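These numbers come from a predicted model, not from an experiment. Lettering of chains follows the sequences in order, A, B, ..., and the numbering in each one begins at 1.
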There are 4 protein chains.
Amino acid sequence: MAEVGGIAGDHLRSFIERIERLEEEKAALAADIKDVYAEAKGTGFDVKIMRQLVRLRKMEDHDRTEQEEILDLYKRALGME
Amino acid sequence: MAEVGGIAGDHLRSFIERIERLEEEKAALAADIKDVYAEAKGTGFDVKIMRQLVRLRKMEDHDRTEQEEILDLYKRALGME
Amino acid sequence: MAEVGGIAGDHLRSFIERIERLEEEKAALAADIKDVYAEAKGTGFDVKIMRQLVRLRKMEDHDRTEQEEILDLYKRALGME
Amino acid sequence: MAEVGGIAGDHLRSFIERIERLEEEKAALAADIKDVYAEAKGTGFDVKIMRQLVRLRKMEDHDRTEQEEILDLYKRALGME
DNA sequence: CTGCCATTTTACCGGC
DNA sequence: GCCGGTAAAATGGCAG
């Protein structure tokens, strides 16, 4: 661990503050997201279902290349590459 | 999918896309935070300890806010606002 | 929280021991899995690729009904159910 | 998939299936553990505290084992085994 | 207030 | 023996 006190302390403080700044922005975005859900709910949509939709669409993105990956993996696993 | 449900479908899609856009930004910030921790680690700092520090400072902020809220509550109760 | 000492203590101990027993079995299975990977490695297979395969196949299982789920969700979300 | 790579493919499949079988059993045990925690919670115990207890007891076991290993090491160093 | 879900933290495992 | 990345556990937050 770097020295306690002096320049190392300033350095640590700098890192911590950068992180805290980023986390504030992240929290702000989380709040924005919450607001959008609330707005959608006010329009009559079901928040729980919307969350499921978002989750499933994210999974779909991950799956887009999954089949190819599996084939590639089998090939590599079997030394066919 | 836009044809399913007509207007409502478009509306839903709009909400979902807004959320997904915000979540992308949130993920980008999470990656930035990760990078800062990695950089700090490369400078010799202990990431686990740093995380504890950040959490502790956040809790203190939270508690401080809570105190202020209670104070406000009392002020309003006393007609001091 | 239940009383400290007396019957509650015995009860707690009983729960803890049941959990520890189950965790031992789980750890034993984890060791078995490790052994299989080691054996496969000894036969010339790449452990990292095998782990990826297992992970992707698990995802495939999860995806098996995903498309239907998504359609159902959209229908419900749009009040078409 | 059995046709890909012939014998090697079958061999790989065999390993993968053994692993998947073991992982299913492991998941079942994890579910059992979850159930015990839930049951304990229903009896009035604090699950979070219980988890800490289990972790602590495991650490103590680990440390005890470590001490015994060190003792063994010394014994061997002294030709006492 | 309770259960579920997302996030975050911790622990593990293989590789170098 | 550490490091990086990946899976598991645990905590926190949110909707109902």
Side-chain angles (χ1 to χ4, degrees), chain A residues 19 22-23 26-27 29-42 45-59 62 73, chain B residues 19-20 22-23 26-27 29-31 33-35 37-42 44 46-56 58-59 62, chain C residues 19 22-23 26-42 45-59 62, chain D residues 19-20 22-23 26-39 41-42 44 46-56 58-59 62:
Chain A
I19 288 163
L22 291 167
E23 292 208 332
K26 191 153 74 80
L29 283 170
D32 290 345
I33 291 168
K34 199 180 161 186
D35 288 345
V36 177
Y37 278 118
E39 186 187 344
K41 182 177 183 175
F45 290 108
D46 183 307
V47 171
K48 187 172 182 178
I49 289 177
M50 287 181 67
R51 286 186 184 278
Q52 283 179 290
L53 274 176
V54 170
R55 179 165 44 86
L56 288 174
R57 281 165 60 102
K58 197 189 298 177
M59 284 178 59
H62 292 163
L73 278 171
Chain B
I19 289 163
E20 286 174 341
L22 291 167
E23 291 207 333
K26 189 154 76 81
L29 282 171
I33 291 168
K34 199 177 164 190
D35 288 346
Y37 277 119
E39 185 186 344
K41 180 177 184 176
D46 183 309
V47 171
K48 191 171 174 179
I49 303 287
M50 287 180 67
R51 288 185 187 279
Q52 287 178 318
L53 272 177
V54 170
R55 200 182 327 138
L56 190 62
K58 194 193 300 176
M59 281 177 55
H62 177 267
Chain C
I19 289 163
L22 290 167
E23 291 208 333
K26 191 153 75 81
L29 283 171
D32 290 346
I33 291 168
K34 198 177 162 187
D35 288 346
V36 177
Y37 277 117
E39 185 186 343
K41 181 178 183 176
F45 291 109
D46 182 308
V47 172
K48 188 172 182 177
I49 290 177
M50 287 181 67
R51 286 186 184 277
Q52 284 179 290
L53 274 175
V54 170
R55 180 166 44 87
L56 288 175
R57 281 165 59 103
K58 197 189 299 176
M59 284 177 59
H62 291 164
Chain D
I19 289 163
E20 286 174 341
L22 291 166
E23 291 208 332
K26 190 154 75 80
L29 282 170
D32 290 347
I33 291 168
K34 199 178 164 188
D35 289 345
V36 177
Y37 277 118
E39 185 186 343
K41 180 177 184 176
D46 183 311
V47 171
K48 190 171 175 178
I49 303 287
M50 287 181 67
R51 287 184 188 279
Q52 287 179 319
L53 271 176
V54 170
R55 204 183 323 140
L56 190 63
K58 193 192 300 175
M59 281 178 56
H62 178 267

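In this structure, the separation between CG on A:L53 and CG on A:D46 is 9.5 Å, given to the nearest 0.5 Å. Here CZ of A:R51 is found 10.5 Å from CZ of A:R55. Values are rounded to the nearest 0.5 Å. Between atom CG of residue C:D32 and atom CD1 of residue D:I19 there is a gap of 11.5 Å, rounded to the nearest 0.5 Å. In this structure, the separation between NZ on B:K58 and CD on A:E23 is 4.5 Å, given to the nearest 0.5 Å. Note that the CE atom of C:M50 and the CG atom of A:L73 stand 11.5 Å from one another [nearest 0.5 Å].
Contact between D:A30 and C:K26 at its shortest, heavy atoms only, is N-CD, 4.0 Å. Residues A:V47 and A:Y37 approach most closely at CG2-O, 3.7 Å, considering heavy atoms.
In this structure, the CG atom of D:L22 is 13 Å from the P atom of F:dA8, given to the nearest Å.
Taking the 5' to 3' direction, DNA chain E first and last meets chain B under 4.0 angstrom from a heavy atom at E:dT7 to E:dT10.
Counting heavy atoms from C-beta outward, A:R57 and A:V54 have side chains that stay 4.5 Å or more apart.
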Report summary line: Under a 4.0 Å heavy-atom criterion, the protein footprint on nucleotides 11-16 of chain F, written with B, S and -, is SS-SSS

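Residue D:K58 is classed as having no contact, given no heavy-atom separation below 4.0 Å to the nucleic acid.
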